[in-house]
Amino acid sequence: MFAVLALVLGAGCEELLPKALGVGFPILLMAVVLLSVRFDLPLVVLLAIAAGATEDAVSALTPMTSVSFFLIVSVLVRRFGLPHLAAALGFPFYQLWLSVWMGGLNVFTRILVAIPLGSLTALVVSAVLAQAIGKAAIHERG
């Protein structure tokens with residue numbers, strides 16, 4: 001239930017916040033990356049699919065564009081750990097991923113904007129999720 005609430009709030013915030021040079025805040029991606037180490041693998045896969053589908057719908061992307069990237073990132077984070085490193089590097093790679101699937105994007109500009117925007121969003125989402133998880137008394141599973 002907590003993960004669903006985080007997705008709904010994240011999607012709402014993504015839609016309401018302004019976009020810098022066409023690049024929005026990666027709240028859903030950061031939520032998936034940071035929650036990947038907290039939950040069991042089946043829930044992580046479901047969370048990545050739900051967040052990716054929501055991202056595709058909110059951003060008017062081709063279906064499965066974000067879903068595939070979110071799944072890859074969440075499984076890699078789940079397997080190897082390092083969620084904060086993945087959060088910092090994930091958004092520039094997501095912009096590169098989008099340029100592969102969608103032609104006509106100015107990749108260099110989007111990646112330059114994505115680096116500080118993704119890092120800032122990762123810090124904020126990490127702090128908010130840590131606070132919310134602490135308040136909700138959700139404990140990690142082994």
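Worth saying up front: this structure is predicted, and the values here are computed from it rather than measured. The chain is numbered in sequence order, starting from 1.
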Find out if a path of hydrophobic residues (ILVMFWY) with successive side-chain heavy-atom gaps under 4.5 Å connects Leu43 to Leu28. yes

Rounded to the nearest 0.5 Å, how far apart are OG of Ser66 and CH2 of Trp97? 10.0 Å

Are Leu76 and Leu29 connected into the same hydrophobic cluster when the rule is that any two of I, L, V, M, F, W, Y join if their side-chain heavy atoms are below 4.5 Å apart? yes

Measure the spacing between CG of Asp40 and CG of Leu46 and express it to the nearest 0.5 Å. 12.5 Å

Donor-acceptor pairs under 3.5 Å, side chain of residues 67-74 to any protein atom, not counting sequence neighbours: which ones?
from	atom 1	to	atom 2	distance (Å)
Ser68	OG	Met64	O	2.8
Ser68	OG	Thr65	O	3.0
Ser74	OG	Phe70	O	3.0
Ser74	OG	Leu71	O	3.1

Can you check whether Phe91 reaches Met30 side chain to side chain, under 4.5 Å on heavy atoms? yes

Within this structure, what is the CG-CZ distance for the pair Leu47 and Arg38, rounded to the nearest 0.5 Å? 13.0 Å

Summary of ring pair (Phe, Tyr, Trp, His ring centres under 6.0 Å) pairs that have at least one residue in residues 47-66, sequence neighbours excluded: none

Contacts of Leu85 that satisfy side-chain contact (heavy atoms from CB on, under 4.5 Å) - sequence neighbours left out: Leu82, Leu89

Side chain to side chain contact (heavy atoms under 4.5 Å, CB included) test vs Leu34 passes for just one of Val128, Val125, Val77, namely Val125

In terms of hydrophobic clusters joined by side-chain contacts under 4.5 Å, are Val75 and Phe80 together? no

With sequence neighbours left out, the residues meeting side-chain contact (heavy atoms from CB on, under 4.5 Å) with Ile115 are Pro92, Ile111

When you group the ILVMFWY residues by side-chain heavy-atom contacts below 4.5 Å and let the links chain together, are Val58 and Ile27 in the same group? no

